[in-house]
Amino acid sequence: MPKKVRLEPNCFFTGMVMQFVNVKVILYGVTTFSTLVLPYFSGFWQISLFILILTVVGFSGTCCWAMFGSIFSRIFVEHKRGLNIVMALLLAYCATSILM
């Protein structure tokens, strides 16, 4: 019998699988290719190069997101109450500005 893969909430495999079904990544690829690449380039090597470039850019963005999230999480834990007050005030401001 094949061994079942157990997906734990914070394991590497779960994160990797989530990137393949991540809507933001799919929209990033479809939008970039349909508006910036395919109208101007049609060669196999050109499109392959753009795939490589977009992969590097996307991976770099994910790494920056994770790095800054890790840095800011420490700050958010230390200043939780003040941050919650500021975020609540900003949410109230956004709600009133939408309504007016």
Quiz item: Got a sec, which residues hit side-chain contact (heavy atoms from CB on, under 4.5 Å) with L99, two or more places apart in sequence or on another chain?
Solution: none
Exercise. Answer yes if W65 and M67 sit in the same cluster of Ile, Leu, Val, Met, Phe, Trp and Tyr residues linked by side chain heavy atoms under 4.5 Å apart, and no otherwise.
Key: no
Exercise. Rounded to the nearest 0.5 Å, what's the gap from OH on Y93 to CD1 on I98? Could you check?
Key: 10.5 Å
Quiz prompt | S73 side, atom OG; F68 side, atom CZ - distance, nearest 0.5 Å | solution = 13.0 Å
Practice problem: Kindly write out the residues that satisfy ring-ring contact (aromatic ring centres under 6.0 Å, His included) with F41, not counting sequence neighbours, or none if the list is empty. | Solution: F50
Quiz item: Out of curiosity, does L49 fall in the hydrophobic cluster containing V57 (side-chain heavy atoms, cut-off under 4.5 Å, transitive links)?
Solution: yes
Quiz item: Which atom pair, heavy atoms only, marks the closest approach of T32 to Y28?
Solution: OG1-O, 2.7 Å
Quiz item: Any side-chain heavy atom of I75 within less than 4.5 Å of one from F72?
Solution: yes
Quiz prompt | Pairwise distance CE(M87) to CG(L89) - rounded to 0.5 angstrom | solution = 10.5 Å
Quiz item: Do side-chain atoms of S60 reach the backbone of V56 as a donor and acceptor pair under 3.5 angstrom?
Solution: yes
Practice problem: Determine, using the 4.5 Å side-chain heavy-atom cutoff (strictly less than), whether F33 and I26 are members of one ILVMFWY cluster. | Solution: no
Quiz prompt | Single-linkage hydrophobic cluster, 4.5 Å side-chain cutoff, F59 and L54 together | solution = no
Quiz item: Could you state the interatomic distance from CG (L91) to CG (N84), rounded to the nearest 0.5 Å?
Solution: 11.5 Å
Quiz item: For the atom pair OG1 (T55) and CD1 (I51), what is the distance rounded to the nearest 0.5 Å?
Solution: 7.0 Å
